[in-house]
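Here the structure is laid out as C-alpha cells; the discussion comes afterwards.
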There are 2 protein chains.
Amino acid sequence: MSFINNWLRSDIQAINAYHVPASDDMVKLDAMESPFPLPDELIGQYLAYLADADLNRYPNPSADELRQTLRELMDIPAEFGVLLGNGSDELIQLLALACETGDTILSIEPSFVMYGMIAKFTRLNYQGVNLDHNFEIDLPATLSAIEAYNPKLIFIAYPNNPTGNTFDRSAIEKIITSTKAMVVLDEAYYAYADDSFLMDIAKYPNLVLLRTVSKIGFAGLRLGLLIGAQDTVNELDKLRLPYNINTLTQVSANFLLQEKEEIDKNAKAILAERTSLSDALNTIEGLVVYPSQANFILFKAPVADALFEALKTQGVLIKNLSAAPRLTDCLRVTVGSAQENAQFIEIVKNHYG
Amino acid sequence: MSFINNWLRSDIQAINAYHVPASDDMVKLDAMESPFPLPDELIGQYLAYLADADLNRYPNPSADELRQTLRELMDIPAEFGVLLGNGSDELIQLLALACETGDTILSIEPSFVMYGMIAKFTRLNYQGVNLDHNFEIDLPATLSAIEAYNPKLIFIAYPNNPTGNTFDRSAIEKIITSTKAMVVLDEAYYAYADDSFLMDIAKYPNLVLLRTVSKIGFAGLRLGLLIGAQDTVNELDKLRLPYNINTLTQVSANFLLQEKEEIDKNAKAILAERTSLSDALNTIEGLVVYPSQANFILFKAPVADALFEALKTQGVLIKNLSAAPRLTDCLRVTVGSAQENAQFIEIVKNHYG
C-alpha cells in the first residue's frame with residue numbers, strides 16, 4: 001500500500017476526482033458562462049491599464065479599489081462589509097472553517113454540490129433537506145431539520161442551481177428568523193432574478209450573501225464576494241488567507257467591472273434569450289420546462305441520456321443531471337447567444353421529431 | 001453582543017487581523033519581493049498573448065499548460081506530480097484539510113507563521129519545536145517531539161524564513177525517515193539556495209515540496225506549487241477547489257515563466273547583491289549578520305526598534321522581528337536592487353556612525 005493511501009483520510013480517498021468534460025470546439029452550454037466576450041474596443045484600454053501592474057510586488061492585501069468597484073456595480077450599501085474570494089468556493093470554505101469541530105452544515109437538495117463537498121473537506125457534518133416536488137422549499141421539513149440538527153451554517157442558493165427557481169421569500173425569512181445559524185444565501189445568479197435579499201442584510205444579523213462575477217461575463221476571473229454586516233465581515237476576514245486575490249484579478253476586475261452598462265446590457269440580452277429558449281422548448285412535445293430566474297433552464301426530457309448524447313455528438317455540450325437524486329431525466333442548458341440557442345433547439349427538435 | 005461574537009469560535013475572534021504596513025512610495029525591502037519589473041520588451045508580447053484569453057469562460061480546470069511550464073522552469077521530473085495553489089498558503093491549507101480531526105501539525109520555530117495560523121484555521125493541533133541557538137535544527141528535541149506528538153504533517157522551510165539558513169541535510173533526512181508524517185519542505189527560496197530536496201522525492205514517499213514564484217519576480221501572481229509523488233498529488237488534488245487557478249494567472253504565468261533565462265539572470269543578480277549587502281552589514285560594528293541562502297538577510301542590531309524606525313522615517317521599509325520569540329533585536333532585510341541596498345546601508349551606517 002502506498003504512503004498516501006495509509007496517510008489520507010478514507011472519506012477523501014473515496015471521492016472521485018472532479019471531472020470536467022472535454023469541450024474543445026463545442027458550443028458550451030453546460031457551465032452557466034456568459035456567451036459574450038469582451039468588446040474589442042475595451043480590450044486595448046484594458047491591456048494598457050494592466051501594463052502598469054507591478055507583478056513583482058505582492059497584491060494590495062485588502063483589494064480596496066476592487067471592493068469599491070463591486071459596491072458600485074452591485075449597489076451594495078456602504079454600511080455592509082464585502083469579503084473577496086477566489087470564486088464563491090473559497091468563501092464557502094472560509095465559512096466552513098469558521099465553524100467548530102462537530103458542527104453541521106445544512107442545505108436544501110438538489111442544489112449546488114459544493115456545499116456538501118466543502119463540508120466534507122472541512123470535516124464538518126452535512127445535512128441535506130429535500131425540496132418538495134415543485135422544487136420549492138419544504139418549510140415544515142426544513143424547520144424540523146433545523147430543530148433536529150442545530151446547524152451552524154445554512155446554505156440556500158437563490159435562485160437555486162440546478163433547478164433555476166427562486167424560493168418563496170417568506171419561507172426563507174422564516175428560516176432566517178427561526179435559527180441561530182448563519183444563513184448564507186448564494187445569489188450567484190442575482191443578475192437574472194427578480195428578487196434579492198441584499199437589502200435584508202440590514203434587517204437580519206445572521207444573514208450573509210454570496211455573489212460572483214462568473215455568471216455575468218467573467219468566469220475566468222474566479223472572483224466571488226461575501227456581503228454581510230460590517231462586523232461579521234471584519235471577523236470572517238481573519239480567516240482569509242493573506243493576499244488571496246492576486247494582482248491580475250484585482251487590476252483586471254477593477255477595470256472590467258466598471259463597465260456596468262455593458263454588463264447590464266448583456267444580462268438583459270440573456271433574459272430575452274431565456275424567454276425565447278424557454279418558449280421554444282415548451283413547443284416540443286414531451287418536454288417539461290421548469291421556470292427559471294437564472295441564466296440556465298432545467299427541463300425534463302424523455303430518455304434524457306439519449307438527447308444529451310445526441311447533442312454532444314452534434315457539438316453542443318449541456319449538463320446531464322439525470323443520474324442525480326430527484327432529477328431523473330433532467331437536463332440543464334445554459335442560456336447562450338441567440339445562435340447557440342438556435343443550434344441547441346434545432347437538435348432537440350430533430351431528436352424528438 | 002452582536003451575532004458574530006456569539007457565532008464565531010473564540011480562537012478566531014482572538015486573532016488580530018493580519019496587518020500589512022503602508023508602503024506607498026517607500027523602498028520596499030520587507031517582503032522578499034524581487035526588485036526587477038518585467039522587461040519593457042516583454043510587456044507588449046505578454047499583453048498580446050493575454051488579449052486572447054476568454055474571460056467569459058471558466059479556466060482550464062487542471063491548468064495543464066502552466067504546470068508543464070513550471071516543470072520546465074524548475075526541472076521537475078515527469079514522474080512527479082504538480083499541484084497548483086493561490087500562493088503556497090492555499091496548499092498549506094489543503095494539506096491541513098487532508099488531516100483528520102485531532103491531528104497535529106509540527107513545525108520548527110522561528111519559521112513561517114502561516115503553518116501555525118493555518119493549523120488554527122483548520123482546527124488542528126499545532127506544536128512548534130525550537131531551533132537551537134545557531135538557528136539549526138535541534139535534532140534530539142525534534143525527534144522527541146515527533147515521538148511525543150505523533151504529528152500528521154511536519155512543515156520545514158528550507159531555506160528557513162526568517163532565519164535565512166538551510167538546515168543540515170542529514171538532520172532533515174533523519175526526520176523524514178523517523179516519522180509516518182508527511183514531511184513538507186517549503187522551498188519558497190529555492191532559487192537562492194545551494195541545495196534542494198527536489199530529487200529526494202523519488203527516495204522518500206512521505207516527502208513533498210512547496211515552491212512559489214513569489215520570490216523570483218512574480219509575487220503579484222500568487223502562484224504556489226506542491227511537488228510530490230504522482231499518486232500523492234492525485235489524491236491531494238481531490239481537495240483542491242474546482243478551477244482554483246484563474247485564467248489570468250494561468251495565461252500570464254504560462255507566458256512569463258517561460259522566460260527562464262531572464263529569471264535565472266535576475267536570481268544571479270540577487271545572489272551577487274546578497275554577498276555585497278552581507279559584506280557591507282558586516283563592516284558595521286555591533287551588528288551580527290546571519291548567513292543567508294535566501295533573498296533576505298537576518299541581522300541583529302543594537303536597539304533594533306530604533307534602527308527600524310530610522311529606516312522607516314527615511315523611506316526604507318524592512319521587517320522588524322525584534323518582538324518575536326528568540327529574535328530579540330533581529331531585523332530582516334530583503335535583498336533589493338543595488339541602488340535600494342545602497343540606500344539601506346547608508347542609513348544603517350549613519351544611524352550607528
Side-chain angles (χ1 to χ4, degrees), chain A residues 2-4 7-9 12-13 15 17-18 20 28 31 33-38 43 47 50-51 53-59 61 86-87 89-90 93 97-98 100-101 121-123 182 205-206 217-222 229 231-232 234-235 237-239 241-244 246-249 252, chain B residues 2-4 7-9 12-13 15 17-18 20 28 31 33-38 43 47 50-51 53-59 61 86-87 89-90 93 97-98 100-101 121-123 182 205-206 217-222 229 231-232 234-235 237-239 241-244 246-249 252:
Chain A
S2 74
F3 167 75
I4 192 68
W7 185 86
L8 184 63
R9 55 192 168 106
I12 300 300
Q13 292 193 48
I15 296 172
Y18 189 85
V20 176
K28 226 175 148 296
E33 294 155 333
S34 161
F36 306 117
L38 294 185
I43 293 182
L47 295 178
L50 195 59
D54 291 329
L55 295 184
N56 56 320
R57 301 291 171 189
Y58 279 96
N86 288 291
D89 289 341
E90 189 184 28
Q93 184 163 288
L97 290 177
E100 303 196 51
T101 301
F121 290 176
T122 56
R123 306 177 226 103
M182 185 180 285
N206 61 330
F218 304 99
L221 298 185
R222 297 298 290 130
D231 61 345
T232 297
N234 289 349
E235 289 297 317
D237 192 47
K238 295 176 179 176
L239 285 155
L241 295 177
Y243 306 107
N244 67 325
N246 75 33
T247 303
L248 295 164
T249 311
S252 299
Chain B
S2 73
F3 166 76
I4 191 69
W7 185 86
L8 184 64
R9 56 191 167 106
I12 300 299
Q13 293 194 46
I15 296 172
Y18 190 84
V20 177
K28 226 174 148 295
E33 293 156 333
S34 162
F36 306 118
L38 294 185
I43 293 182
L47 295 178
L50 195 58
D54 290 329
L55 295 184
N56 56 320
R57 300 292 172 189
Y58 278 96
N86 288 291
D89 289 341
E90 189 183 29
Q93 184 162 290
L97 290 177
E100 303 196 51
T101 300
F121 291 174
T122 57
R123 305 178 227 103
M182 185 180 286
N206 61 331
F218 304 99
L221 298 185
R222 298 298 288 131
D231 60 345
T232 297
N234 289 349
E235 289 297 317
D237 192 46
K238 295 176 179 175
L239 285 155
L241 296 177
Y243 306 106
N244 67 326
N246 74 33
T247 303
L248 295 165
T249 311
S252 299

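Heavy-atom basis, side chains included; hydrogens, waters and symmetry copies ignored.
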- Pick from Leu47(A), Asp231(A), Thr247(A), Thr122(A): which one has the most heavy-atom pairs with chain B under 4.5 Å?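 Top count of heavy-atom pairs under 4.5 Å with chain B: Leu47(A).
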- Task: Using non-hydrogen atoms and a 4.5 Å limit, figure out which bit of Ser252(A) sits close to chain B: side chain, backbone, both or neither.
- Result: side chain
- Measure Ile12(A) against the heavy atoms of chain B and call it side chain, backbone, both or neither at under 4.5 Å. both
- Among Thr249(B), Asn234(B), Asn244(B), single out the residue with the greatest number of heavy-atom pairs under 4.5 Å to chain A.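 Top option by heavy-atom pairs under 4.5 Å: Thr249(B).
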- Note on the structure: Of the listed Gly87(B), Ala31(B), Ala229(B), Ala53(B), the one with the largest count of heavy-atom pairs under 4.5 Å with chain A is Ala31(B)
- Partners meeting salt bridge (charged side-chain N to carboxylate O under 4.0 Å, His left out) with Glu235(A) (sequence neighbours left out):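 Only Lys238(A) meet the salt bridge (charged side-chain N to carboxylate O under 4.0 Å, His left out) criterion with Glu235(A).
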- Mind checking what makes side chain to side chain donor-acceptor pair (under 3.5 Å) contact with Asp54(A), not counting sequence neighbours?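 Listed in chain order: nothing, the list is empty.
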[X], part contacting chain A, at a heavy-atom distance under 4.5 Å:
X         : value
Asp237(B) : neither
Phe36(B)  : backbone
Leu55(B)  : both

Exercise: identify the closest heavy-atom pair between [X] and [Y]:
X        : Y         : value
Ser34(A) : Asn56(B)  : O-ND2, 2.9 Å
Arg57(B) : Pro35(A)  : NH2-CA, 4.0 Å
Pro59(B) : Ala219(A) : CD-O, 3.9 Å

[X] side, atom [atom1]; [Y] side, atom [atom2] - distance, nearest 0.5 Å:
X         : Y         : atom1 : atom2 : answer
Asn86(B)  : Tyr243(A) : CG    : OH    : 15.0 Å
Leu239(A) : Gln93(B)  : CG    : CD    : 8.5 Å
Thr232(A) : Leu8(B)   : OG1   : CG    : 9.5 Å
Ile43(A)  : Leu50(B)  : CD1   : CG    : 9.5 Å

Mind checking whether [X] and [Y] have side chains closer than 4.5 Å, heavy atoms only?
X         : Y         : value
Leu97(A)  : Arg123(B) : yes
Phe121(B) : Leu241(A) : yes
Leu221(A) : Leu248(B) : yes
Asn246(B) : Asn246(A) : yes
Met182(B) : Ile4(A)   : yes

